[in-house]
Amino acid sequence: GAVVSQHPSWVICKSGTSVKIECRSLDFQATTMFWYRQFPKQSLMLMATSNEGSKATYEQGVEKDKFLINHASLTLSTLTVTSAHPEDSSFYICSAPLRGGRTEAFFGQGTRLTVV
Amino acid sequence: QKEVEQDPGPLSVPEGAIVSLNCTYSNSAFQYFMWYRQYSRKGPELLMYTYSSGNKEDGRFTAQVDKSSKYISLFIRDSQPSDSATYLCAMSDGGNQFYFGTGTSLTVIP
């Protein structure tokens with residue numbers, strides 16, 4: 001199947017610093033990528049839709065100034081958690097649909113962020 | 001009412017058992033149905049993908065979609081300890097958004 005690579009797989013940072021998470025589609029082009037947050041024993045919560053060449057679309061309640069998304073190319077989207085706080089600690093996962101959202105989506109490995 | 005309902009379990013079965021996982025949904029526009037397996041602290045891995053109604057089989061896994069009842073199932077035959085994971089159903093109407101169930105935690109006991 002298609003491969004989506006997410007990096008880093010885990011990161012620990014101090015409060016107030018920023019963390020960048022990368023999501024790459026390795027063998028296909030993705031004009032759209034999705035960013036999710038997942039709390040323990042809970043399902044995926046869509047945070048935003050990343051669109052190549054245009055602004056991301058954020059879900060209600062997600063602070064766009066805190067979670068900066070940049071879709072710089074057809075194979076790379078980044079999520080930057082700015083001025084991170086302990087409540088931002090979570091599991092962040094990206095996904096990319098194979099054909100413009102009309103079929104199945106493939107997920108990255110996830111990034112576990114711990115803010116201390 | 002949530003778009004997608006899934007029993008969170010946990011579900012515990014002995015090795016070799018047949019496992020049945022289910023989701024119901026409310027949006028009749030959903031056409032694409034997926035099952036993902038997620039191991040702890042890993043991203044979801046696509047297991048099965050089905051378009052519209054019908055059955056699809058892949059090895060020990062069978063996915064069923066009944067659009068008239070708005071009900072989808074995933075069957076696992078001859079379950080193995082390595083099948084222990086959380087299983088997420090997902091569906092889409094073909095647009096850019098996917099709707100996920102909460103996931104069912106499965107443990108297969110050797």
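Convention: sequence-line order gives letters A, B, ...; per-chain numbering from 1. As the structure is a prediction and not an experimental result, all values here were calculated from the model.
- Rounded to the nearest 0.5 angstrom, A:Trp10 CH2 and B:Arg41 CZ are separated by 11.0 Å.
- Put simply, B:Met48 and B:Phe75 are part of two different groups of oily side chains (I, L, V, M, F, W, Y) that touch within less than 4.5 Å, one to the next.
- Under a hydrophobic clustering in which Ile, Leu, Val, Met, Phe, Trp and Tyr are joined whenever their side-chain heavy atoms come within less than 4.5 Å, directly or via other members, A:Ile21 and A:Phe107 fall into different clusters.
- By the rule that hydrophobic residues join a cluster once side-chain heavy atoms approach within less than 4.5 Å of another member, A:Val62 and A:Tyr92 end up as members of one cluster.
- Note that the CD atom of B:Gln6 and the OG atom of A:Ser43 stand 7.5 Å from one another [nearest 0.5 Å].
- In A:Lys66, the NZ atom is crowded: over 12 heavy atoms of neighbouring residues, nucleotides or ligands sit closer than 6.0 Å.
- Looking at every heavy atom in both residues, B:Gly43 comes nearest to A:Phe91 through N-CZ, 4.2 Å.
- In the displayed structure, A:His7 atom NE2 is contacted under 6.0 Å by at most 12 heavy atoms of other residues, nucleotides or ligands.
- Criterion: ILVMFWY side-chain heavy atoms under 4.5 Å apart, direct or through other members. Under it, A:Leu76 and A:Leu79 are not part of a common hydrophobic cluster.
- Put simply, the residue from B:Tyr36, B:Phe100, B:Phe98, B:Tyr99 that forms a side chain to side chain contact (heavy atoms under 4.5 Å, CB included) with A:Leu44 is B:Phe100.
- When heavy atoms are compared at a cutoff of 4.5 Å, B:Gln31 does not approach chain A at all.
- Note that the CD atom of A:Gln109 and the NZ atom of B:Lys42 stand 7.5 Å from one another [nearest 0.5 Å].
- Only the side chain of A:Gln38 comes within less than 4.5 Å of a heavy atom in chain B; its backbone stays farther off.
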